[in-house]
Structures are given as structure tokens and as C-alpha cells.
Amino acid sequence: MQKIIDILGKEVMEAFEAKGYEKKYGIVTLSNRPDLCQYQCNGALAAAKAYKKAPLVIAGEVAQILSSSESFEKIEAVAPGFLNIVLKSEFITGYVKQLSRENQFGCEKTKEPKTIVIDYGGANVAKPLHVGHLRPAIIGESIKRIDRFLGHNVIGDVHLGDWGLQIGLILMKLKMDQPDLVYFKEDYEGEYPGEAPFTISELEQIYPAASAYSKENEEFREAAKAATVELQNGDPGYRALWQHILNVSIEDLKKNYDNLLVDFDLWKKESDAQGYIPGMVEYLKEHNYARISEGALVVDVKEETDTKEMPPCMILKSDGGTLYNTTDLATMVERMELFNPDEILYVVDKRQELYFETVFRCAKKTVLVPEKTKLTFLGFGTMNGKDGKPFKTRDGGVMRLENLIQNISSAVLDKMLENREMERKEAEEIARKVGLAALKYGDLSNQASKDYVFDLERFISFEGNTGPYLLYTVVRIKSIIQKYGSERIGADALQPGKTPSEIGLMLEAAKFNEVVEAAGNEYAPHKICQYLYGLANAFNSFYHENKILTEEDKVKQKSWVALITLVKEILETGISLLGFEAPERM
């Protein structure tokens with residue numbers, strides 16, 4: 001289904017062409033003066049330079065041709081050369097009716113579906129999720145949902161950190177604290193226990209203790225390094241313990257991601273790429289892509305056009321050890337082999353941009369990733385406290401993500417119970433959904449690359465540009481429809497709008513397909529947030545202006561119910577793309 005702005009643009013372009021001007025000047029945009037018109041075209045200003053003619057004259061000529069259009073109620077040329085456009089109510093209503101009949105409200109599936117791998121987890125085993133893990137999880141989840149909605153084959157990968165020195169530190173701390181465990185017996189040949197010798201709570205205490213101890217004890221740190229190498233070389237006892245660490249960690253991580261409504265297709269790990277490293281290193285040497293520099297194996301990625309220093313990409317350290325570069329490149333090799341994707345998208349802290357630019361260049365220059373496969377870095381900004389610094393707990397520590405979710409749900413619950421009497425169990429379930437909406441919308445409504453301030457009171461407000469406001473709007477519409485008490489009223493019952501608020505609500509509904517497509521193309525969930533807020537505002541203006549349930553004109557009433565039913569369904573679809581859902585009541 002064509003977007004409404006494209007239909008209007010085509011008509012205006014043809015009018016420019018009919019008067020002897022190039023079609024390109026007929027681009028239509030939303031009006032930046034909604035008090036004067038709904039859409040506008042500024043092309044006459046640019047055409048004036050090319051055709052040596054006053055812009056107001058050009059605009060007047062085009063307006064004359066379009067004055068008999070079936071789409072335009074009013075089109076006028078105004079100084080210095082703008083075309084102001086107001087649409088016929090019948091045209092808007094016809095478009096909205098068609099929109100309602102189409103799948104996905106006119107947002108067509110792409111004719112050229114891509115296979116896209118999104119790497120958006122960033123979690124490490126044996127460590128709890130903290131607030132720093134919030135943004136990659138919810139931004140990546142929303143982009144995945146949007147791209148799938150548009151018809152792409154999207155594969156979400158958590159890509160766990162499970163293979164570095166952190167594991168060696170844990171192994172050595174366990175050995176120090178529980179030396180009699182069978183995993184540390186060199187002559188042990190039996191089956192290793194099926195149950196882990198630690199709980200998730202104990203495991204999460206082991207790593208920080210081991211890390212702190214390693215900083216004051218060089219011998220312990222060296223032993224941890226050696227244990228890491230032995231693990232990677234296949235020591236059976238260490239491998240069995242490592243598997244326990246994975247199992248316990250992943251079970252806990254899945255629970256926490258489930259609470260965020262974040263779902264991964266793949267639970268791949270750094271270790272999964274290890275088998276690809278030897279062949280990749282051999283390939284880089286064989287094709288002379290890599291060279292030795294001070295004992296290390298590196299690939300030069302600097303280009304003549306670079307204006308900044310660009311370090312080479314190190315593949316192996318001088319002692320033959322691997323690095324993050326090595327693992328990330330090997331993971332690309334693995335993804336190409338398994339999925340042959342058209343694009344790999346990394347949702348990562350923006351401070352890692354130089355690192356990923358280095359790795360991407362290396363992957364392309366060495367043809368580990370073919371030219372046709374797009375490598376994309378989506379860097380996100382920091383979630384800050386009101387002091388403008390990265391968000392911390394009151395005692396200055398990094399807050400666990402589950403505590404953040406609990407805090408915001410509790411704040412919503414307190415607010416709800418202040419305002420109305422509800423059963424505690426129902427109130428807690430509603431608060432969980434509203435709290436998640438507050439948290440996700442508070443984040444996603446900001447452009448991903450920007451830092452933002454976490455403001456609990458603002459995020460949980462039921463008024464203004466917030467997640468709870470959107471949910472309250474959906475619940476309000478549900479209540480009206482329920483009280484109306486009929487079967488679902490389809491948009492065929494729509495009558496041409498008579499009032500500015502009714503026409504304005506239809507126009508907002510008509511923009512859905514355009515906004516979702518733009519959000520998908522630009523990796524921009526914040527565009528959907530802006531749209532949904534505008535649609536909710538348009539509904540609430542309409543609601544306050546019209547007494548829907550007491551309207552005596554039954555044809556008009558049915559039309560209004562059809563309109564708000566469509567709006568509800570669009571809002572519900574939109575918030576699903578952002579990764580949250582509305583309760584039945586609030």
C-alpha cells in the first residue's frame with residue numbers, strides 16, 4: 001500500500017511536470033505549521049533558481065493545476081513560494097479505510113527480504129546483568145521486532161562472553177576454596193557430577209572476589225592465566241566446571257531477559273568461535289593478508305584517505321594468544337558459514353566505535369566477510385543519573401538490572417494504590433507491565449546514540465511523553481469499546497471527519513506505515529515512540545471533544561467507535577514493536 005505522503009507527492013510532481021518543471025521539485029512533506037495546513041511543498045523555492053522565475057509565480061501555477069484535485073480541499077501558494085495543502089476529509093477517510101483492510105495497517109512486507117544477524121546481548125557468564133546491559137538488550141530487541149515486521153529474516157544472538165581470563169579466575173578461586181572437588185584431581189577418570197558445586201548467587205560472588213584477589217596476588221593471577229589456557233586446550237576437569245558455569249549462568253540470564261521481554265534466537269558464546277580460529281589464521285597467512293609486527297600477527301587496515309591514526313588489527317599476540325579481535329573475526333566467519341547474512345548488526349556502547357571500525361575493515365580487507373555483506377555498528381549512549389554521570393546505586397555501585405526493574409515496578413505500584421483500590425495481586429501484575437513500559441519507553445524514546453538521564457518520576461508519570469501514558473490511552477480506548485458493547489466495528493463504518501480533532505486523528509493513523517518503514521531503515525525505534533505519542537495525543541484530543549458513548553447519532557457514534565478501534569490496534573502494534581504490552585485495565 002502506498003504511503004499517503006507518496007500519493008500526495010506523486011500528484012504534486014505531476015503538476016510541476018505539467019507546467020514544464022522537473023518532477024523532483026514536487027516533493028511533499030508534513031507541514032511545519034499545522035495551524036495553517038496539513039502538508040506542504042517547498043519545491044518552488046528551489047525551482048526558482050533553476051528556471052529564473054519568481055518562486056511565488058511557480059507555486060501559483062502548480063496550485064492552479066491542483067485546484068481541481070480530488071485529494072485537496074485547499075492548495076494555495078503563499079509567499080515566498082510555499083504550497084500549503086489541506087486534504088479533503090473524504091480522501092483521508094478513504095485512505096484510512098484502505099489502511100485498515102491491509103495487513104499490518106498498510107505497512108507492506110519488503111519485496112527483498114534480507115537475512116540479518118543482530119548481536120545485541122553483551123552479557124558475560126558468571127556475572128549478573130547490570131544497568132549497563134539494559135540499552136543493548138531493549139534497543140536490539142526493538143530493532144529485531146521492527147525488521148521482522150517489515151519481512152526480514154532476523155536472527156538475534158546474545159553472544160555471551162565465556163572464554164576469557166574471567167573463567168580462569170573463577171576456576172582458581174574455586175580450587176583455592178574447595179581444593180577437594182573432583183574437577184581438580186589430575187588422575188580422576190570417572191563421571192563428573194551433574195549438579196554444579198555452586199548456586200548462581202554463589203557464582204556471582206566468586207568472580208568479584210577472584211578478580212580482587214588477583215590484583216594483590218601475582219601468583220594467583222598467573223595461575224588463573226594458566227588455567228584459562230588449560231581450559232582452552234581441553235582440560236576435562238576445567239571443561240566440566242566451565243559447563244556448570246555456563247548452565248547456571250544461562251538459566252539465570254534467561255530469567256532476567258524474560259522479565260525484560262527480550263528473546264534471543266541464539267545463545268552463542270565466544271567459545272563457539274574458537275574452532276574457526278586456526279583455519280582463519282592459516283588463511284590470513286596463506287593469502288599474505290597478515291604480517292608479523294614485534295612478534296605479533298597483525299593486519300594493516302589504514303587507508304590513504306584516513307585523517308586519524310588507524311592502528312593495525314592484531315590477530316595473535318606475540319605469545320600466540322588470541323584477543324577479542326581474533327574471536328570477533330572468527331565469529332563473523334562462523335556467521336557467514338551458518339547463515340550467509342546480508343547484514344550483521346552490532347548494538348554496542350558507542351565508545352567501542354574505533355574497535356569495531358578496525359575489526360570491520362579487517363574483515364572486509366581480508367574477504368573473511370564478502371563485500372555484499374553489510375557490517376553495521378549501532379553505538380548507543382549512556383544511561384545517566386540526574387547528576388549527568390553514568391547511573392549508579394546510592395552507595396555508588398553499579399545497580400543490578402533486576403533491582404532496577406523491581407524498583408520501577410514498585411514505584412508504579414505505590415502510585416497506582418494511592419489513586420485507586422485494587423486487589424494486590426492484580427495491581428502487582430499491572431504494575432509489572434506498566435513499569436516495564438516506563439523503563440523501555442524512557443530509554444527507546446531517545447535516539448540510540450544519545451546519552452539520556454534516567455528520571456524515575458518522569459518515566460512513571462501517567463501524563464506526558466511516557467510509556468504509562470501510552471498504556472493508559474490504550475486502556476481508555478478498550479474501556480470505551482467494551483462499554484459500547486457491540487462486536488468489533490470495522491473501519492468500513494467510518495464517515496468523513498467533520499471536526500479538526502476527528503480529521504487529525506485519522507491523519508495520525510494514516511502515518512503508521514511511513515513511520516515504521518523509516519524506523520526500520522534507520523535503526524530508529526525512537527521514531528515509533530514519537531509517532532505513538534502523537535497518535536495518543538490526537539486520540540485524547542478527540543476523546544475530550546466528543547462524547548462517544550452518549551452520542552445520539554448512531555451512524556456517527558459507530559464511525560467514532562470504528563476509528564478508535566483502529567487507533568487502539570495501531571497503538572498495540574506499535575508498543576509491541578517497542579517490546580512491551582498493555583494491561584486490560586489500569
Side-chain angles (χ1 to χ4, degrees), residues 4 30-31 33-39 71-74 85-101 105-106 419-420 461-513 515 530-575 582-586:
I4 193 168
L30 274 174
S31 171
R33 286 290 306 275
D35 54 320
L36 298 177
C37 58
Q38 297 159 346
Y39 292 88
S71 309
F72 305 134
E73 180 71 37
K74 182 172 75 172
I85 301 168
V86 176
L87 303 179
K88 286 184 178 177
S89 182
E90 291 79 6
F91 171 79
I92 299 169
T93 307
Y95 184 84
V96 171
K97 281 184 177 181
Q98 185 187 353
L99 186 90
S100 72
R101 297 186 198 108
F105 311 110
N419 296 323
R420 65 182 297 180
S461 173
F462 285 72
E463 298 174 357
N465 189 8
T466 69
Y469 172 69
L470 291 186
L471 298 194
Y472 188 73
T473 302
V474 172
V475 169
R476 171 177 273 172
I477 300 173
K478 285 180 177 180
S479 175
I480 296 168
I481 294 169
Q482 188 177 22
K483 288 173 183 173
Y484 180 73
S486 180
E487 73 284 353
R488 180 185 178 278
I489 306 297
D492 283 342
L494 278 176
Q495 300 293 307
K498 301 296 184 187
T499 65
S501 67
E502 188 177 2
I503 293 168
L505 184 54
M506 287 190 191
L507 275 173
E508 284 299 317
K511 296 173 192 169
F512 176 78
N513 50 6
V515 171
Q530 291 168 353
Y531 168 73
L532 295 178
Y533 178 54
L535 181 61
N537 280 341
F539 163 76
N540 284 305
S541 296
F542 171 76
Y543 169 78
H544 289 299
E545 188 178 295
N546 301 285
K547 305 302 179 189
I548 300 170
L549 292 172
T550 56
E551 173 57 47
E552 293 182 359
D553 183 333
K554 296 305 176 187
V555 173
K556 181 187 289 187
Q557 185 186 49
K558 190 174 183 180
S559 174
W560 286 351
V561 173
L563 176 57
I564 67 170
T565 299
L566 176 64
V567 169
K568 175 188 78 79
E569 291 168 353
I570 291 175
L571 284 169
E572 288 175 324
T573 301
I575 64 175
E584 288 304 308
R585 72 187 192 110
M586 285 169 69

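Just so you know, these numbers use all the heavy atoms, side chains as well, and skip hydrogens, waters and symmetry mates.
Two residues are said to be in side-chain contact when any heavy atoms from C-beta on lie closer than 4.5 Å; Tyr469 and Asn540 meet this criterion. The shortest distance between side-chain heavy atoms of Lys478 and Glu584 falls below 4.5 Å. You'll find the side chain of Asn465 stays beyond 4.5 Å of the side chain of Gln530, heavy atoms only. Side-chain atoms of Tyr543 and Ile564, non-hydrogen and from C-beta on, never get closer than 4.5 Å to each other. Using a 4.5 Å heavy-atom cutoff, the side chains of Tyr533 and Asn537 are in contact. By the 4.5 Å heavy-atom criterion applied to side chains, Tyr484 and Lys558 are counted as neighbours. Arg488 has its side chain within reach of Thr565: a pair of non-hydrogen atoms, C-beta onward, lies under 4.5 Å apart.
By the 30° and 60° cut-offs, the orientation of the rings of Phe512 relative to Tyr531 is tilted.
Salt-bridge check for Glu502 with Lys556: failed, with every basic side-chain N at 4.0 Å or more from each acidic carboxylate O.
Side-chain atoms of Ser100 come within 3.5 Å of backbone N or O of Lys97 as a donor-acceptor pair. For Gln495 (side chain) and Val555 (main-chain N/O), no donor-acceptor pair under 3.5 Å exists by modelled atom type. Looking only at distances, a side-chain donor or acceptor of Ser31 sits under 3.5 Å from a matching main-chain atom of Cys37. At least one donor-acceptor pair under 3.5 Å links the side chain of Tyr95 to the backbone N or O of Ile4. Between the side chain of Thr466 and the backbone N or O of Phe462 there is no donor-acceptor pair closer than 3.5 Å.
Atoms CD1 and CD1, on Ile489 and Ile481 in that order, are 9.5 Å from each other to the nearest 0.5 Å. Distance check: Lys74 NZ to Gln38 CD gives 9.5 Å after rounding to the nearest 0.5 Å. Once rounded to the nearest 0.5 Å, the distance linking CZ of Phe539 with NZ of Lys568 reads 11.5 Å. Taken from OG1 in Thr473 to CE in Met586, the straight-line distance is 9.0 Å, to the nearest 0.5 Å. To the nearest 0.5 Å, the span separating CG on Leu566 from CE on Met506 amounts to 9.5 Å. Rounding to the nearest 0.5 Å places CG of Leu532 at 9.5 Å from CD1 of Ile570.
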(request) Evaluate side-chain contact (heavy atoms from CB on, under 4.5 Å) for Leu507 paired with Tyr39, printing each intermediate quantity in order. (result) CA-CA 11 Å; Leu507 275 173; Tyr39 292 88; 4.2 Å; yes
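Within 6.0 Å of the NZ atom in Lys554, the count of heavy atoms belonging to other residues, nucleotides or ligands exceeds 12. Other residues, nucleotides and ligands contribute over 12 non-hydrogen atoms within 6.0 Å of the CZ atom of Phe72.
Looking at every heavy atom in both residues, Glu572 comes nearest to Ile575 through O-CG1, 3.4 Å. When all heavy atoms of Leu535 and Ala509 are compared, the closest pair comes out as CD1-N, 3.9 Å. Across all non-hydrogen atoms, the minimal contact from Leu99 to Ala510 is CD2-CA, 4.2 Å. Across every non-hydrogen atom of Ile503 and Ser89, the tightest pair is CG1-OG, 4.1 Å. The nearest pair of heavy atoms linking Ala562 to Ala491 is CB-CA, 4.2 Å. Nearest approach of Pro583 to Leu471, heavy atoms of both residues: CD-CD1, 4.0 Å.
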